[in-house]
Number of protein chains: 2
Amino acid sequence: MAVTQKQIAHELGISHQLVSFALNGNGNVAPKTRDEIVATAERLGYRRNELARAMVTGKSSALGFLSFESDQSDHLMRVLSGAIDAANEHQLFIKAMHYRELSDIRGVLERCLEWRVAGLMVMNLTDEAVETLEHEVKQLDMPVAFIENPPSHPADVWVRSDDYHGLQQIIEHLTALGHREIAFFNGNAESRLSEKRETHFRRVMECAGLFVNEAWLVRGSWGLESPLNEEAAQKLLAFQPRPTAVVCSGDPLAMILIREAQNAGLKLPQELSVTGFADFYLAGLSNPALTTVDQSFRVMGRVAVEQLLSCISATPVPNGQRWNQLLPTRLIVRASTAPPLCVPTPL
Amino acid sequence: MAVTQKQIAHELGISHQLVSFALNGNGNVAPKTRDEIVATAERLGYRRNELARAMVTGKSSALGFLSFESDQSDHLMRVLSGAIDAANEHQLFIKAMHYRELSDIRGVLERCLEWRVAGLMVMNLTDEAVETLEHEVKQLDMPVAFIENPPSHPADVWVRSDDYHGLQQIIEHLTALGHREIAFFNGNAESRLSEKRETHFRRVMECAGLFVNEAWLVRGSWGLESPLNEEAAQKLLAFQPRPTAVVCSGDPLAMILIREAQNAGLKLPQELSVTGFADFYLAGLSNPALTTVDQSFRVMGRVAVEQLLSCISATPVPNGQRWNQLLPTRLIVRASTAPPLCVPTPL
DNA sequence: CTGAAAGCGCTTACAG
DNA sequence: CTGAAAGCGCTTACAG
């Protein structure tokens, strides 16, 4: 149906191998012959069959991108975007996949192998999915890049944003405004991400010489279905004395807190400063506009692809330098943070 | 490197063709032989090479998904999700692509052809990109499904939400609350989507027996970079008399209007009802929570895949029934709409 | 510079 | 029920 190299060769009365050489720029082909071949290919509407090409060269041509199928898709698409760009540069394409249940993971891996993907990126997995994946992939010959999700064992590639520095910037910003009484509104109780962020928060607070009030470390839920977040926010707002600022572990949490605070009659940001994390698309549109941290999502996708490729090409890389990629975070100051109403007396 | 059918055959002392038959469940293979083959395949860790398979069967195995690379990615991922599910059911996979400039489109199509994709879904294209694509694809043998984006000529498939009905539900809801003075906050001035939505708005208003105030039809921008939206919102709020409700053509527009209205000192929703369109992930987290319209994005992806496949299988379809798929919209009432403060006297 | 051969891993008629 | 052949569209040594 589609035009083949053989047809071009036949048209020109030459061998089809010559056509292959000319079209790929390999070997020595007389310039005139090459031009003729290229012109004929174009005239006939020839497109190389990458399927055949991939098979014979044995080079895999796809990179898998797997994530948990969720509504919280804002950053996923940005990472995917970065990955697509980087992949394009290497003539690779991205095979988009998702899973809903743990039992789906097996099939995803199976299909990756069948299509001979060069590697797999995973992101936004549940903690259990990370473990399932790590287990399944162990005896398989396929490099995996973890994006954001902390792997439980050293992986081929681990790309993430420097959340510690992100929190550092937030705390610096808040203390510069005069805040001392700072609470932390975190995600799910049993979540590796929550734990990591809480650890960071404690350390950053301590480094800043601030007291960490244990009661002010509340946990809601990364998902938005449950009323957990509203409850946690209300609990946080009921404290006497109330914190003057709340660092939230994610933009959605921050938006919920803003709403609950306003509904409780607080004037924001004067009576309560709130910060987010991630810089989701609509976070800048809340009122007050959310001060948050950009996590370089687009770069994450790009770096994941590049590191994955360096895994494959087996270029020796200084130990630990590949699988631990820390990307910069950047504070975005908007309107949800302000000096506290009554600045506590300096120590 | 990877295990092949030939190796399995060699292991068992049979022909490799028999292995193929057994593994694909084709032809007549003695049950005992089949079991042996399957067992050996498993033991050796065989995975069929889909690349080779696709080449020989000639059946394309991928569906392209192309969108404009933008930050407004919330609904894109949902459509992609639906498409992945539907594609999986047909053993197809999704090749994710994007473009940034019009000149990228050509290359995207080229790569689709080279990989012999069975079809292409496009979404979130700029109007010019739609035209470029339509032009380029004309002489190509590749079915295209337009998702949301109105094609300028009848296309193979066109899947979209029933925005007219969505607006109808909004207006019904507002009038039931007692609103008569309703404005319309639209996207870009020169955008096919804006035009379509404005036409719908006018008609729906007329059907409801409401007066369309031309001055109250304001346009901002689908993008968030420009200050156009803030300006348009302020203009809208400055009208005397002021509308009691504003129908916004998208969730981001609605969130901007909410903010500007609150900053202007209005109490929402009592002094101004605002509605959105799309139901983005964070729209429900604004304060007041946005009343908006669900556009069945996930279903869009699914339907696009299914229609594309029916194009390919060339099953005769009643004229116009394929390329014009209208998906249901559903009003989601949250907190940004309420009865107007002073209900106008009934006619 | 050009041609003829072999092979990538698979499937699909065609004989036995 | 099983085997041997041909072919999918391409690339890559290997001769000339």
Side-chain angles (χ1 to χ4, degrees), chain A residues 1-38 40-41 44-62 91 110-118 141, chain B residues 1-38 40-41 44-62 91 110-118 141:
Chain A
M1 194 148 150
V3 183
T4 65
Q5 293 184 357
K6 210 197 276 187
Q7 287 173 44
I8 298 174
H10 184 255
E11 184 89 4
L12 255 40
I14 55 175
S15 76
H16 66 105
Q17 295 90 333
L18 199 54
V19 175
S20 171
F21 281 130
L23 257 26
N24 291 312
N26 295 340
N28 287 325
V29 184
K32 187 166 153 274
T33 318
R34 149 169 295 129
D35 291 349
E36 271 180 19
I37 292 175
V38 170
T40 314
L44 261 41
Y46 170 79
R47 328 269 166 185
R48 70 151 60 110
N49 185 334
E50 287 288 357
L51 249 26
R53 198 166 189 243
M55 197 196 72
V56 68
T57 60
K59 276 191 215 132
S60 27
S61 32
Q91 339 276 24
E110 211 61 47
R111 261 172 289 133
C112 282
L113 291 166
E114 290 176 354
W115 283 105
R116 305 296 190 259
V117 304
D141 182 32
Chain B
M1 192 151 149
V3 183
T4 66
Q5 292 183 356
K6 210 197 275 186
Q7 287 172 43
I8 298 174
H10 184 256
E11 184 90 3
L12 257 39
I14 56 174
S15 75
H16 66 105
Q17 294 90 332
L18 198 53
V19 175
S20 171
F21 281 131
L23 258 27
N24 291 312
N26 295 339
N28 288 325
V29 184
K32 187 167 152 270
T33 319
R34 149 168 295 127
D35 290 348
E36 271 179 21
I37 293 174
V38 170
T40 316
L44 263 41
Y46 169 80
R47 329 266 167 187
R48 69 151 60 111
N49 186 333
E50 287 288 356
L51 249 27
R53 198 166 190 244
M55 197 197 73
V56 68
T57 61
K59 275 192 215 129
S60 27
S61 32
Q91 338 277 23
E110 212 61 48
R111 262 171 289 133
C112 282
L113 291 167
E114 289 175 355
W115 283 105
R116 305 294 191 261
V117 305
D141 181 32

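The structure displayed is predicted, hence computed values, not measured ones. No hydrogens, no waters, no symmetry mates; every other heavy atom, side chains included, goes into these values.
- Counting heavy atoms from C-beta on, the side chains of B/H10 and B/K6 never come closer than 4.5 Å.
- Nearest-nucleotide assignment on DNA chain D puts the 5′-proximal partner with B/S15, out of B/S15 and A/V19.
- For the pair B/I8 and B/I14, the minimum side-chain heavy-atom distance is 4.5 Å or more.
- Rounded to whole angstrom, the span from the CD atom of A/Q7 across to the P atom of D/dC8 amounts to 11 Å.
- Here A/T4 lies in heavy-atom contact (under 4.0 Å) with sugar-phosphate atoms only.
- In this structure, A/Q5 places its CD atom 16 Å from C1' of D/dG7, rounding to the nearest Å.
- Distances shown here put every side-chain N or O of A/S20 at or beyond 4.0 Å from the OP1 or OP2 atom of D/dC10.
- One finds a side-chain N or O of A/N24 lying less than 4.0 angstrom from the OP1 or OP2 phosphate oxygen of D/dT11.
- For A/L18, the side-chain atoms get nearest to C/dG3 when compared with the rest of C/dG3, D/dC10, C/dG9.
- Note: NE2 (B/H16) to P (C/dC8) measures 11 Å, nearest angstrom.
- Rounded to an integer number of Å, the gap from A/E114 CD to C/dT11 P is 11 Å.
- Summarising the geometry, the separation between CG on A/D35 and C1' on C/dC1 is reported as 15 Å, rounded to the nearest angstrom.
- Using a 4.0 Å heavy-atom criterion, one finds that B/L51 contacts no nucleic acid atom at all.
- Protein atom CE of B/M55 is 9 Å distant from nucleotide atom P of D/dC10, rounded to whole Å.
- Per the geometry, CG belonging to A/N49 stands 18 Å off P belonging to C/dC8, to the nearest Å.
- Side chain of A/T57 to main chain of A/R53: a donor-acceptor pair is present (N/O by atom type, distance under 3.5 Å, no hydrogens or angles).
- Taking atom NZ on B/K32 and atom P on D/dC1, their separation rounds to 13 Å, with Å as the unit.
- Of the nucleotides present, D/dG3 is the one that pairs with C/dC14 by Watson-Crick or G-U wobble criteria, both distances under 3.5 Å.
- Comment: B/E114 does not engage B/R116 in a salt bridge, judged by the lack of any side-chain N to carboxylate O separation of less than 4.0 angstrom.
- When distances are taken from the side chain of A/F21 to each of C/dC10, D/dC8, D/dT12, the shortest belongs to D/dT12.
- In this structure, A/R53 reaches the D/dT11 phosphate: one of its side-chain N or O atoms is under 4.0 Å from OP1 or OP2.
- The side chain of A/K6 has D/dC8 as its nearest neighbour among D/dC8, C/dT11, C/dT2.
- Residues A/Q17 and A/T33 each lie close to DNA chain C; by heavy-atom proximity, the contact nearer the 5' end of the strand is made by A/T33.
- Here A/L113 contributes atom CG and B/R48 contributes atom CZ; the two are 13.0 Å apart, rounded to the nearest 0.5 Å.
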